[in-house]
Amino acid sequence: MDIILSVFLPLALAIIMFSLGLGLTLADFARVAREPKAFALGAVAQLLLLPLIAYLTVIGFGISGELAVGLMILSFCPGGVTSNILTRFAKGDLALSISLTGVISLVSVVTVPVLVGLTAGHFLGVDAPPVDVTALGVAMFAITAVPVAIGMLVRRFAAGFADAVETPVSHLATGLFCIVVVGALASNWTVFVDNLPVLGPAVVALNVVMLAIGTALARGGGLNRGQSSAIAIETGIQNATLGITVGSLISEQATGLPPFSLPSGVYGITMYLVSIPFVLWRRRLAPA
């Protein structure tokens, strides 16, 4: 288990973020200025509404302590390569999806450490582990922003190579993610099963509600079907690997998957059960 958390987990996250960078260009960030309304609605849904709904989910399902902090950590995480892939399959606005994922992934390097510190203090009080915001920010920068930047540099100076390796790297990232989630849950099977009756419905409810809110917000804002699909998926699909990693970074637990990471681990499985029917529905709505 230790090798999964110490080696495969950061490696999986770094490869996932590198894969994201391979699909990004500076034009994706410039698109934010050209299409401010669509980006703003997506950012509001992900940065403000998602944590709010997650907090209400914690209260509504009676989740407390470290698991409550873990669910909030998940809500602070940006989307990932998975959200881009699902947006493409749903025939959504892939450019908007990539822009949201890229920008919010970089913003999260600053926001996640601060919000995690505040959340831990709120739910755990004096029992909260010491959260070194600076150290957590540096760690997140090293395993998220740096791989994204490297991927973008590869795209900029070796576009042909980037095109050739983007799909294999994405598959490798997915494989490593599966190893992390399955291995982490298997080694903590008793804890997982004991908490599944609460965590399972909670993360599924959060997933369903956020997909619905993202869709409604985009439609209410007058966006087209493709943009609505992109915003809904970006809002409803979070980077579970990052959630597991952050939970492990702040935990004082020496071995095993900490409770802070359990919600992200459960979500890493259930999000596909929820999102695939939604994606198929959005795909059917797309013009031929």
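Nothing fancy with the numbering, it's 1 onward along the sequence.
- Inter-residue side-chain proximity for S64 and F123 is flagged as unmet; no heavy-atom pair is nearer than 4.5 Å.
- When all heavy atoms of F278 and A232 are compared, the pair lying nearest together is CZ-CB, 3.6 Å.
- In the model, R225 has a side-chain atom that pairs as donor or acceptor with a side-chain atom of S229 under 3.5 Å.
- Considering only heavy atoms from C-beta on, I73 comes within 4.5 Å of I250 through its side chain.
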Is there a side chain to side chain contact (heavy atoms under 4.5 Å, CB included) between R282 and V279 once you walk through the steps? CA-CA 5 Å; R282 298 303 295 181; V279 167; 5.8 Å; no
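- Annotation: side chain of M72 is not in contact with side chain of V69 (no heavy-atom distance under 4.5 Å).
- Annotation: the span from L56 atom CG to L49 atom CG amounts to 10.5 Å, rounded to 0.5 Å.
- The minimum heavy-atom distance between S264 and G70, with the atom names listed, is OG-O, 4.4 Å.
- A donor-acceptor pair under 3.5 Å links the side-chain atoms of K37 to the main chain of G221, judged by distance alone.
- Exactly one of D93, T215, L96, I213 qualifies for a side-chain contact (heavy atoms from CB on, under 4.5 Å) with I231. That residue is L96.
- Summarising the geometry, atom CG belonging to L22 is positioned 11.0 Å from atom CD1 belonging to I15; distances are rounded to the nearest 0.5 Å.
- Contact check for S275 versus I233: no side-chain heavy atoms found under the 4.5 Å cut-off.
- Taking OG1 of T87 as the reference point, atom CG of L94 lies at 7.0 Å (rounded to 0.5 Å).
- Neither V138 nor V131 shares a network with the other; the hydrophobic side chains, linked directly or stepwise wherever heavy atoms of I, L, V, M, F, W or Y lie under 4.5 Å apart, form separate groups for each.
- Atoms CG and CD1, from L242 and I16 in turn, are 9.5 Å apart once rounded to the nearest 0.5 Å.
- Cluster membership check: L115 does not share its hydrophobic cluster with V110, using side-chain heavy-atom separations under 4.5 Å among Ile, Leu, Val, Met, Phe, Trp and Tyr.
- A donor-acceptor pair shorter than 3.5 Å cannot be found between the side chains of Q46 and T235.
- At a threshold of 4.5 Å between non-hydrogen side-chain atoms, the residues V154 and F18 count as touching.
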Under the side chain to side chain contact (heavy atoms under 4.5 Å, CB included) criterion, do Y55 and L71 qualify, and how do the steps go? CA-CA 8 Å; Y55 181 79; L71 188 60; over 6 Å; no
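- Partner of M271 under the side-chain contact (heavy atoms from CB on, under 4.5 Å) criterion, out of L74, V203, I237: I237 alone.
- Two residues are said to be in side-chain contact when any heavy atoms from C-beta on lie closer than 4.5 Å; T245 and T144 fail this criterion.
- Of all non-hydrogen atoms in I244 and S261, the two that sit nearest each other are O-OG, 2.8 Å.
- Residues E66 and L124 have side chains in contact (heavy-atom distance under 4.5 Å, counting atoms from C-beta outward).
- A 4.5 Å side-chain heavy-atom check between T167 and H171 finds at least one atom pair inside the cut-off.
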Apply the test salt bridge (Lys or Arg N to Asp or Glu O under 4.0 Å) to residues R155 and D163: give CA-CA distance (whole Å), side-chain angles for both, the deciding distance (0.1 Å), then the verdict. CA-CA 8 Å; R155 165 66 60 188; D163 289 334; 2.6 Å; yes
Passes side chain to side chain contact (heavy atoms under 4.5 Å, CB included), T111 versus F76? Steps please. CA-CA 8 Å; T111 59; F76 300 147; over 6 Å; no
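- A donor-acceptor pair is defined here as one N or O able to donate and one able to accept, closer than 3.5 Å; such a pair exists between the side chain of N207 and the backbone of G236.
- Taken together through direct or relayed side-chain contacts under 4.5 Å among Ile, Leu, Val, Met, Phe, Trp and Tyr, L153 and V169 form parts of separate hydrophobic clusters.
- Here the closest heavy-atom approach between residue V109 and residue G137 is recorded as CG1-O, 3.7 Å.
- Under a 3.5 Å cut-off, the side chain of Y267 and the backbone N or O of Q238 do form a donor-acceptor pair.
- Under the 3.5 Å distance criterion, the side-chain polar atoms of S83 are left unmatched by any main-chain donor or acceptor of G79.
- Checking T101 against E234 by side-chain atom types alone, a donor-acceptor pair falls below 3.5 Å.
- Heavy-atom minimum distance, P129 versus F260: CG-CZ, 3.8 Å.
- Closest of all the heavy-atom pairs between A202 and T57 is O-CG2, 3.7 Å.
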Kindly determine whether M17 and S105 satisfy side chain to side chain contact (heavy atoms under 4.5 Å, CB included), including the steps that lead there. CA-CA 9 Å; M17 301 312 292; S105 291; 3.9 Å; yes
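- Taken to the nearest 0.5 Å, the CZ atom of R283 stands 8.0 Å off from the CG atom of L280.
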